[in-house]
Amino acid sequence: MVMSIQAIRGMNDLLPQDTSVWQQIETVLRSVVGSYGYSEVRMPVLEKTALFCRAIGEVTDVVEKEMYTFEDRSGDMLSLRPEGTAGCVRACLEHNLIYNQEQRLWYMGPMFRHERPQKGRYRQFHQLGCEVFGLEGPDVDAELIIMTAQIWKTLGIEKEVTLQLNTLGSKEERASYKKELVAFLEKNFDSLDEDSKRRTHTNPLRVLDSKDPGVIELLKKAPSLSSHFGEKTLNHFNELKALLDAAGVAYEINDRLVRGLDYYNYTVFEWVTTALGSQGTVCGGGRYDGLVEELGGTPTPAVGFGLGLERLILLLTTLDKVQAKAIADVYVIGQGSDIQKHLSLTASYLRSKLDGVRVMMHCGGGNFKKQFKKADRVGARVAVVLGDEEIAKNQVTLKDMTDKDAQQMTVALEESIELIGRIINK
Ligand code: ATP
Ligand code: MG
């Protein structure tokens, strides 16, 4: 026997039970973002490595440690996308989508990060991303956050997630804060972990995002960014809060929230849950007004978020908010002469008349007991039964599989359509 080859660690297969759940969630997500007038874009999963280095920042966890980067056969350095914003901006610039025009866009698909796999953290995971270009906010910042709140409401988990909100101010305000922060970090250098020591001089703001308990404790005494805010920042933030208040979206101000990537300014937010352990951030986003220019475009305000599908689905299944659907609604069985032909013709007819209903035909013969068992196993609500008599009279016998005591009914094939519909929608 040869050794079997297994999937790459942290990269999951989604089996029929899973895809049934995923499809239901994806449908909700598409429908909510569509209802806000967002349009879908699809970008490649591979981009030039330089795009991510420039967009996300060289001194970030994602670029330093997490990217799947390789040289292809032509000698180009490529990376599997660790997030969608950089590729989305690249695509918008390449196709001239955002010069002097607004765009509200969304995408959904796999992202790749070489992290230690654990519950809620994988090496291939999926995000719904939304990006808005050409609007300075805070009205559209509020729209994005309200839209995510609508997603939670539609999925019935609005009580399970809380919104953390912060503002990072302008580039200039952060620059003046940086000096003060570096002085503080230098003074307390010995209490920092290795990553934070290094970042003190390469990217000090990222130290605020440290997960090291000692550093978190130390940061309680650190100077705060907010003391550097001018009127524009404060107005932007206050208006955003007022719009969220008006929409009934509750939030907690968290002035330690800086987010992992480099490109944010003004609004940043995260939706977190306590139900998933330490992988509690289901969705995160913010404003990134400098990125379009950074990637070679004219300065364009922008704001967006990424929502982790694995964590969302883990949360929904943990809370029993979603179940895998049955495989089929109707299962066609029978016994008699030339039965396979009749099963096939009847199933085709039912499919043509029953829009959106999943009609499965029994294959492989066997007695009725075995065939009914199959109907049960695929979760069918109706079994359509054919025998020589039914076939001769162009009739079918219906069995309501949802009701043990229901009588079987033999009716004309055309009449069966309405009856089947009634049982399915019961
Ligand atoms: P974390 O702090 O948990 O590492 P992050 O700040 O790196 O998250 P973002 O880059 O903001 O995450 O990505 C947006 C969302 O994508 C996250 O809130 C999370 O739901 C999801 N996500 C990020 N990394 C992973 C991963 N490795 N596996 C599964 N989901 C992920
Ligand atoms: Mg991360």
Side-chain angles (χ1 to χ4, degrees), residues 8-12 14 18 22 25 29 45 52 55-57 59-68 79-89 106-131 144-145 148 151-152 155 157 160-166 168 195 199 203 205-212 215-216 254 256-264 267-288 291 302-318:
I8 298 166
R9 212 160 84 86
M11 302 207 177
N12 302 314
L14 293 177
D18 309 311
W22 277 68
I25 307 308
L29 297 176
V45 294
F52 301 115
I56 299 172
V59 196
T60 54
D61 279 350
V62 171
V63 170
E64 274 183 340
K65 309 182 200 160
E66 298 173 1
M67 281 213 293
Y68 278 92
S79 297
L80 283 166
R81 63 182 187 191
E83 52 95 68
T85 305
C88 185
V89 172
W106 69 270
Y107 49 81
M108 195 150 46
M111 307 293 162
F112 305 84
R113 297 185 192 179
H114 194 276
E115 303 195 67
R116 192 169 72 76
Q118 52 196 296
K119 186 180 159 199
R121 193 177 293 286
Y122 311 101
R123 291 180 170 177
Q124 174 173 331
F125 63 100
H126 297 75
Q127 281 185 351
L128 164 72
C130 286
E131 318 286 356
L144 277 169
I145 294 174
T148 48
I151 291 173
W152 317 138
L155 294 170
I157 51 167
E160 313 296 333
V161 285
T162 53
L163 174 61
Q164 306 248 312
L165 193 62
N166 193 22
L168 298 180
D195 272 346
R199 295 212 158 118
N203 192 351
L205 278 179
R206 292 274 296 116
V207 178
L208 299 180
D209 199 35
S210 170
K211 306 248 159 51
D212 181 86
V215 177
I216 291 175
N254 173 0
R256 296 278 166 230
L257 182 66
V258 292
R259 313 252 322 113
L261 318 179
D262 257 4
Y263 47 54
Y264 292 105
T267 311
V268 285
F269 66 93
E270 282 188 357
W271 285 97
V272 294
T273 173
T274 49
L276 295 181
S278 55
Q279 269 60 254
T281 306
V282 179
C283 171
R287 184 158 275 287
Y288 52 95
L291 183 61
V303 57
F305 68 75
L307 188 164
L309 293 193
E310 279 79 2
R311 291 190 196 171
L312 175 62
I313 288 167
L314 210 51
L315 181 60
L316 288 163
T317 47
T318 306

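Read the numbers this way: they start at 1 and go in the same order the structure lists the ligands and their atoms.
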Review point. Considering Y122, W271, F125, which one's heavy-atom position lies nearest to atom 30 (N) of ligand 1?
Key: F125

Check your understanding: Among E83, E66, R113, R123, whose heavy atom sits nearest atom 5 (P) of ligand 1?
Key -> R113

Please work out, at 4.0 Å between heavy atoms, whether the side chain, the backbone, both, or neither of [X] comes within that distance of ligand 1.
X    : result
R121 : both
V282 : backbone
M111 : neither

For the residue pair [X] and [Y], establish whether any side-chain heavy-atom pair is separated by less than 4.5 Å.
X    : Y    : value
L163 : T148 : no
Y122 : M111 : no
L165 : I145 : yes

**Study point:** Any N/O pair T281/ligand 1 closer than 3.5 Å
**Key:**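 In this structure, T281 places an N or O atom under 3.5 Å from an N or O of ligand 1.
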
State the atoms of ligand 1, each with its element, that fall below the 4.0 Å cut-off from a heavy-atom position in [X].
X    : answer
K211 : 2 (O)
G120 : 28 (N), 29 (C), 30 (N)
G306 : 14 (C), 15 (C)
Q127 : 13 (O), 14 (C), 15 (C), 16 (O)

Check your understanding: When you check the gap from the basic side-chain N to the acidic O, do K65 and D195 get nearer than 4.0 Å?
Key -> yes

Review point. Charged N to carboxylate O under 4.0 angstrom, R206 versus D61?
Key: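 A salt bridge links R206 with D61.
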
Check your understanding: Would you find a donor on one side and an acceptor on the other, under 3.5 Å apart, between the side chain of Q124 and the backbone of N12?
Key ->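 No; judged by distance alone, with no hydrogens or angles, the pair does not exist.
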
Review point. Hey, is the main chain of M11 close enough, under 3.5 Å, to the side chain of R123 for a donor-acceptor pair?
Key: no

Review point. Are any of the heavy atoms in Q279 under 4.0 Å away from ligand 1?
Key: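 Per 4.0 Å heavy-atom rule, Q279 does not contact ligand 1.
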
Review point. Would Q127 and E83 count as having a side-chain donor-acceptor pair, cut-off 3.5 Å?
Key: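 Checked: Q127/E83 side chains show no N/O donor-acceptor pair below 3.5 Å.
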
